[in-house]
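See structure below.
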Amino acid sequence: MSRKKECVAMLLAGGRGSRLYVLTQDVAKPAVPFGGKYRIIDFPLSNCVNSGIDTVGVLTQYEPHVLNVYLANGQTWDLDRLNGGVYALPPYEGGKGSEWYKGTANAIYQNISFIDEYDPEYVLILSGDHIYKMDYDKMLDQHKEKNAAATIAVLNVTLEEAKRFGIMNCNPDGSIYEFEEKPAQPKSTLASMGIYIFTWSKLRKYLIEDENNPESSNDFGKNIIPAMLARGENLQTYRFDGYWKDVGTIESLWEANMDLLSPDSGLNLDDENWRIYGRTTGAPPHFTGRNADVKHSLVSEGCEVEGHVNNSVLFPNVTVEEGANIEYSIIMPGATVEKGATVKYSIVAEDAHICAGATVGNAPSEVEADQWGVAVIASKTVVGKKAVVAAKQMIAENIPDVE
């Protein structure tokens with residue numbers, strides 16, 4: 001049976017995610033829960049299967065266990081295929097020795113043999129920490145139409161935001177003549193989304209050449225793309241105008257979850273033509289008690305709510321006791337908020353426990369996470385996995401004592 005595929009996707013999912021602080025203390029960033037029932041990686045995986053791409057390599061490295069268990073055999077995303085499917089690809093020891101992935105380009109280089117098994121014409125490179133819905137097949141069509149060596153998805157941002165991104169400077173026909181990494185004075189506002197389609201025969205040569213350069217950072221943005229531009233390769237932009245957010249910070253993760261509650265955000269998950277798939281917990285339907293008050297919130301299966309919940313996202317198996325008050329917050333799986341406790345503008349991680357009468361949130365200062373897994377970051381309070389906030393304790397401008 002032939003294993004040839006026109007396009008293979010490679011999903012970079014090995015990042016430490018240090019800007020998410022305690023949320024990625026023992027899980028990779030793509031495995032962080034999102035939106036009440038998903039994990040971040042569900043979005044690029046769902047985009048792949050919805051776009052007709054059925055062979056996906058997931059490159060794992062940092063804390064891969066949770067992610068590997070979650071991926072399982074790929075059935076959740078209809079990627080349990082005899083020819084193709086989803087594969088976890090950690091660094092491994094081979095004939096050339098073993099080493100951690102040194103950069104995005106090196107990660108793909110170390111998996112050349114995996115890609116070659118499918119002899120693809122094209123390779124789609126994705127990041128595992130973005131929330132968006134995108135038809136990669138349309139991008140591939142444009143790539144083929146323009147006979148490009150590489151096509152880079154771009155999003156139009158504000159001039160101020162452009163300073164934080166890799167910026168593509170383009171000709172009127174969309175071809176790229178210059179790439180600038182986080183320029184102080186941007187010449188354009190077309191920001192790279194970290195989504196690339198390469199003609200595999202071209203990329204393969206540049207990966208090998210880059211690996212043999214001891215001065216290289218082995219990175220697509222810093223090395224591969226500039227090298228291709230320097231050689232006069234045909235690099236094209238693909239303009240995307242839908243919802244897209246990099247959720248690599250506490251602030252952006254909180255905002256993206258809140259966007260699910262806004263009808264005007266552009267992040268619509270109730271779309272029968274473009275489903276985002278995620279593994280279910282098998283928990284029973286959520287229960288709201290007779291004294292519960294739930295307004296404008298997402299409440300997932302297995303939740304037991306007796307208190308007040310407003311403008312918030314509750315993941316499966318969350319307990320909110322009578323008299324508890326949750327506002328503008330994200331409560332991740334298995335967390336408990338006891339009677340009389342208040343949680344506002346916060347993220348409470350998996351299996352955390354907010355004891356009776358405690359107050360979490362509304363702190364404007366920014367501090368480092370402490371040993372107990374509690375931090376206040378960018379005016380959003382974060383309670384880490386399995387952390388306990390003591391009864392009647394307040395997390396305000398300072399880190400409290402927690403049990």
**Study point:** Asn317 side chain to Pro333 backbone, donor-acceptor under 3.5 Å
**Key:** no

**Study point:** Centroid-centroid distance, Phe34 to Phe43, less than 6.0 Å
**Key:** yes

Review point. Is it true that a side-chain atom of Asp129 and a backbone atom of Pro30 form a donor plus acceptor pair closer than 3.5 Å?
Key: no

Review point. How about Ile115 and Ile108: do any of their side-chain heavy atoms sit closer than 4.5 Å?
Key: yes

Practice item. Measure from the side-chain N and O atoms of Thr199 to the backbone N and O of Ala148, and report whether any donor-acceptor pair falls under 3.5 Å. Key: yes

Check your understanding: What do the steps show when you test Glu255 against Ile250 for side-chain contact (heavy atoms from CB on, under 4.5 Å), and what is the final call?
Key -> CA-CA 9 Å; Glu255 288 174 355; Ile250 294 295; over 6 Å; no

Point to revise | N/O donor-acceptor pair under 3.5 Å between Thr151 side chain and Thr237 backbone | key: no

Check your understanding: Does some side-chain heavy atom of Gln110 sit less than 4.5 Å from a side-chain heavy atom of Leu89?
Key -> no

Point to revise | Check: Val305 main-chain N/O paired with His286 side-chain donor or acceptor under 3.5 Å | key: no

**Study point:** Over 12 non-hydrogen atoms of neighbours within 6.0 angstrom of CG in Asp241
**Key:** no

Point to revise | Residue from Trp200, Tyr122, Tyr136 passing ring pair (Phe, Tyr, Trp, His ring centres under 6.0 Å) with His143 | key: Tyr122

Check your understanding: Is a salt bridge present between Asp54 and Lys5, judged by a nitrogen-to-oxygen distance below 4.0 Å?
Key -> yes

Practice item. Nearest 0.5 Å please: distance from the OG1 atom of Thr342 over to the CG atom of Asn325. Key: 5.0 Å

Review point. For residues Asp210 and Asn218, is any side-chain donor paired with an opposing acceptor at under 3.5 Å?
Key: yes

Check your understanding: Which heavy atom of Glu306 sits nearest a heavy atom of Glu322, and at what distance?
Key -> CB-N, 3.4 Å

Check your understanding: Looking only at heavy atoms, which two atoms of Met139 and Ile195 are closest? And how far apart?
Key -> CE-O, 3.6 Å

Review point. Between the side chains of Asn171 and Ser175, does any donor sit under 3.5 Å from an acceptor?
Key: yes

Check your understanding: So how far is it from Asp246 CG to Ser127 OG, rounded to the nearest 0.5 Å?
Key -> 7.0 Å

Check your understanding: Hey, is the main chain of Glu209 close enough, under 3.5 Å, to the side chain of Asn213 for a donor-acceptor pair?
Key -> no

Point to revise | Under 3.5 Å: donor-acceptor pair, side chain of Ser312, backbone of Asn310 | key: yes

Exercise for review: Would you check if there is a donor-acceptor pair between the side chains of Tyr177 and Asn169 at a distance under 3.5 Å?
Suggested key: no

**Study point:** Salt bridge flag under 4.0 Å for residues Arg204 and Asp116
**Key:** yes

Exercise for review: Decide if atom NZ of Lys146 counts as having more than 12 heavy atoms of other residues, nucleotides or ligands within a radius under 6.0 Å.
Suggested key: yes

Revision key, fill the gap. In short, Ser346 meets Gly361 closest at the heavy-atom pair OG-CA, 3.4 Å

Check your understanding: Does the Thr336 side chain pair with the main chain of Thr319, one donor and one acceptor, at a distance under 3.5 Å?
Key -> no

Review point. Would you say Thr189's side chain and Asn156's backbone share a donor-acceptor pair under 3.5 angstrom?
Key: no

Practice item. Begin with the C-alpha distance, continue with both residues' side-chain angles, and end with the deciding distance and a verdict on side-chain contact (heavy atoms from CB on, under 4.5 Å) for Met134 and Trp244. Key: CA-CA 9 Å; Met134 181 177 179; Trp244 178 87; over 6 Å; no

Practice item. Decide, yes or no, whether a salt bridge links Glu121 with Lys4 under the criterion of side-chain N to carboxylate O below 4.0 Å. Key: yes

Check your understanding: Nearest 0.5 Å, what's the CG-CZ distance between Leu229 and Arg231?
Key -> 11.5 Å

Review point. What are the two closest heavy atoms between Cys303 and Phe315, and how far apart are they?
Key: SG-O, 2.9 Å

Review point. Any donor-acceptor pair under 3.5 Å linking the side chain of Trp254 with the backbone of Tyr328?
Key: yes

Practice item. Output the distance between atom CZ (Arg279) and atom CG (Asp42), rounded to the nearest 0.5 Å. Key: 10.0 Å

Check your understanding: Side chains of Glu211 and Asn106: do they bring a donor and an acceptor to under 3.5 Å?
Key -> yes

Exercise for review: Taking all non-hydrogen atoms of both residues into account, name the closest pair between Val348 and Ala335 and its distance.
Suggested key: CG1-CB, 4.0 Å

**Study point:** Greater than 12 external heavy atoms within 6.0 Å of Lys144's NZ
**Key:** yes

Review point. Is the closest side-chain heavy-atom distance between Met168 and Ser192 below 4.5 Å?
Key: yes

**Study point:** NZ-CG distance between Lys133 and Leu267, expressed to the nearest 0.5 angstrom
**Key:** 7.0 Å

Point to revise | Exercise: do Asp259 and Tyr243 side chains pair donor with acceptor under 3.5 Å | key: yes

Revision key, fill the gap. Here the pair of heavy atoms bringing Lys245 nearest to Ala256 is CD-CB, 3.7 Å

Point to revise | Distance in Å, Asp135 CG paired with Asn50 CG, rounded so as to fall on 0.5 Å steps | key: 8.5 Å

**Study point:** Identified ring pair (Phe, Tyr, Trp, His ring centres under 6.0 Å) counterpart of Phe220 within the set Phe179, Tyr109, Phe198
**Key:** Phe198

**Study point:** Whether Tyr87 and Tyr118 hold their rings parallel, tilted or perpendicular, with breakpoints at 30° and 60°
**Key:** tilted

